[in-house]
Amino acid sequence: MSGAVRLVLLGPPGAGKGTQAVLVAQHRGIPHISTGDILRSAVAAGSELGKKVKSILDSGNLVPDEVVIGLIRERLAKSDCERGFLLDGFPRTVDQAKALTALLKDIGRELSHVLDISVPENVLIDRIRSRGAQGSGRADDTGEVAANRLKVYWEQTAPVTSYYNQIGRVIKIDGLGTIDEVQARIGKALD
Ligand code: ADP
């Protein structure tokens, strides 16, 4: 199994994580696991989980750790993750990161890469607002909710980068430039 890419993609809302994640996963032939996508599909499907998390997503706050850790535990147990995986939007708290470390350890694995896409704060705000204005279809892309997502990021998710720096190496990716430019930087970091 060495050589498999088991990747966590970190970065604030608006850094372009989702866009880059889809491309990396396609290119490497590994599943793209986005907790945001999983939760939004649950809301759209009106499942029990969806009903439980809808108001949290609408506010831009975080869903409880045990809920997302449970989702990730189930997802990583699927056979398509044996050849590697890309996590997008998880872990988002230090407790989620610790749970992921433990979960992987249980199956004799560890992450191969942690990448952190960085973009200046003023650019993030512009990007999220214009995404909302263009009708991204995401209720959380506008106004106060977008601002709250950034606040939540700095308070609860930025410490995840420090956690990974303590236990390993975080590769910083400059998130400014075209989609292709950023993708090329990620490709280099993974080779
Ligand atoms: P973005 O990529 O713009 O940061 P996501 O699509 O990853 O947003 O997530 C959207 C929303 O889903 C978050 O604002 C949060 O409410 C919820 N969410 C997603 N992943 C997690 C997670 N790992 N822990 C808690 N909540 C999450």
Side-chain angles (χ1 to χ4, degrees), residues 7-25 31-76 85-104 111 114-121 123-161 163-164 173 175 179 182 186:
L7 165 70
V8 162
L9 207 52
L10 300 171
K17 265 190 326 277
T19 307
Q20 296 298 334
V22 169
L23 295 171
V24 173
H32 166 213
I33 304 173
S34 155
T35 39
D37 286 350
I38 296 172
L39 294 166
R40 277 188 293 276
S41 326
V43 171
S47 66
E48 279 309 306
L49 170 67
K51 284 179 203 151
K52 199 157 117 186
V53 301
K54 184 179 185 314
S55 63
I56 305 177
L57 260 67
D58 287 347
S59 69
N61 291 324
L62 296 184
V63 169
D65 283 342
E66 62 272 20
V67 173
V68 283
I69 292 166
L71 291 173
I72 288 294
R73 183 184 295 116
E74 271 179 34
R75 185 63 188 84
L76 290 181
F85 53 80
L86 184 164
L87 291 175
D88 162 17
F90 182 96
R92 239 182 175 90
T93 65
V94 172
D95 282 345
Q96 290 179 20
K98 289 180 177 167
L100 176 62
T101 302
L103 225 143
L104 291 173
L111 294 172
V114 178
L115 305 188
D116 183 25
I117 305 184
S118 68
V119 170
E121 171 117 31
V123 178
L124 295 175
I125 295 170
D126 287 351
R127 282 191 187 174
I128 300 175
R129 292 227 173 101
S130 65
R131 191 162 81 180
Q134 283 159 20
S136 65
R138 280 184 52 170
D140 61 353
D141 268 350
T142 48
E144 279 170 31
V145 177
N148 188 43
R149 279 163 58 221
L150 275 173
K151 177 169 171 277
V152 167
Y153 171 81
W154 294 117
E155 288 176 2
Q156 300 189 62
T157 307
V160 172
T161 308
Y163 166 79
Y164 281 123
I173 303 288
I179 291 174
V182 179
I186 294 176

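Just so you know, residue 1 is the first one in the sequence shown, and it goes up from there. First listed ligand is number 1; within each ligand, the first listed atom is number 1.
- Nearest heavy-atom pair, Pro13 versus Ile128, reported as atom, atom and distance to 0.1 Å: O-CD1, 3.5 Å.
- Of all non-hydrogen atoms in Pro91 and Leu10, the two that sit nearest each other are O-CD2, 4.0 Å.
- What sits closest to atom 16 (O) of ligand 1 on the protein, heavy atoms only, is Asn61 O, 2.5 Å.
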After noting the C-alpha distance and the side-chain angles of Ile186 and Leu23, does the key distance pass the side chain to side chain contact (heavy atoms under 4.5 Å, CB included) rule? CA-CA 10 Å; Ile186 294 176; Leu23 295 171; over 6 Å; no
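- Each of the atoms 22 (C), 23 (N), 24 (N), 25 (C) of ligand 1 lies under 4.0 Å from some heavy atom of Gln96.
- In this structure, the protein non-hydrogen atom closest to atom 5 (P) of ligand 1 is Arg92 NH2, 3.5 Å.
- For ligand 1, the atoms closer than 4.0 angstrom to any heavy atom of Lys17 are 2 (O), 4 (O).
- Near Leu39, the atoms of ligand 1 lying under 4.0 angstrom from a non-hydrogen atom of the residue are 12 (O), 17 (C), 18 (N), 19 (C), 27 (C).
- Atoms CZ and CZ, from Arg75 and Phe85 in turn, are 10.5 Å apart once rounded to the nearest 0.5 Å.
- Partners of Asn61 under the side-chain contact (heavy atoms from CB on, under 4.5 Å) rule, at least two apart in sequence or in another chain, are Ile56, Ser59, Asn148, Val152.
- Here the side chains of Ile173 and Leu9 are not in contact, with every heavy-atom distance at 4.5 Å or above.
- Considering backbone and side-chain N/O atoms, Gly89 comes within less than 3.5 Å of an N/O atom of ligand 1.
- The shortest N/O to N/O separation between Arg40 and ligand 1 falls below 3.5 Å.
- When the options Lys17, Gln20, His32 are evaluated for a side chain to side chain donor-acceptor pair (under 3.5 Å) with Asp88, the one that passes is His32.
- Looking at Leu62 against ligand 1, both its backbone and its side chain come within 4.0 Å, counting heavy atoms.
- In this structure, atom 3 (O) of ligand 1 lies nearest to the protein heavy atom Arg149 NH2, 2.5 Å.
- Among all protein heavy atoms, the one lying closest to atom 20 (N) of ligand 1 is Thr35 OG1, 2.8 Å.
- Taking only nitrogen or oxygen atoms, main chain and side chain alike, Val63 reaches within less than 3.5 Å of ligand 1.
- For the pair Ala25 and Pro31, the tightest heavy-atom approach, listed with the atom from each and the gap, is CB-C, 4.4 Å.
- With respect to atom 11 (C) of ligand 1, the closest heavy atom belonging to the protein is Leu57 CG, 4.0 Å.
- Near Arg131, meaning under 4.0 Å from one of its heavy atoms, ligand 1 places the atoms 3 (O).
- Considering every non-hydrogen atom in both Ile117 and Gly175, the closest pair reads CG2-CA, 3.7 Å.
- Between Asp37 and ligand 1, no N or O atom pair is found at a separation short of 3.5 Å.
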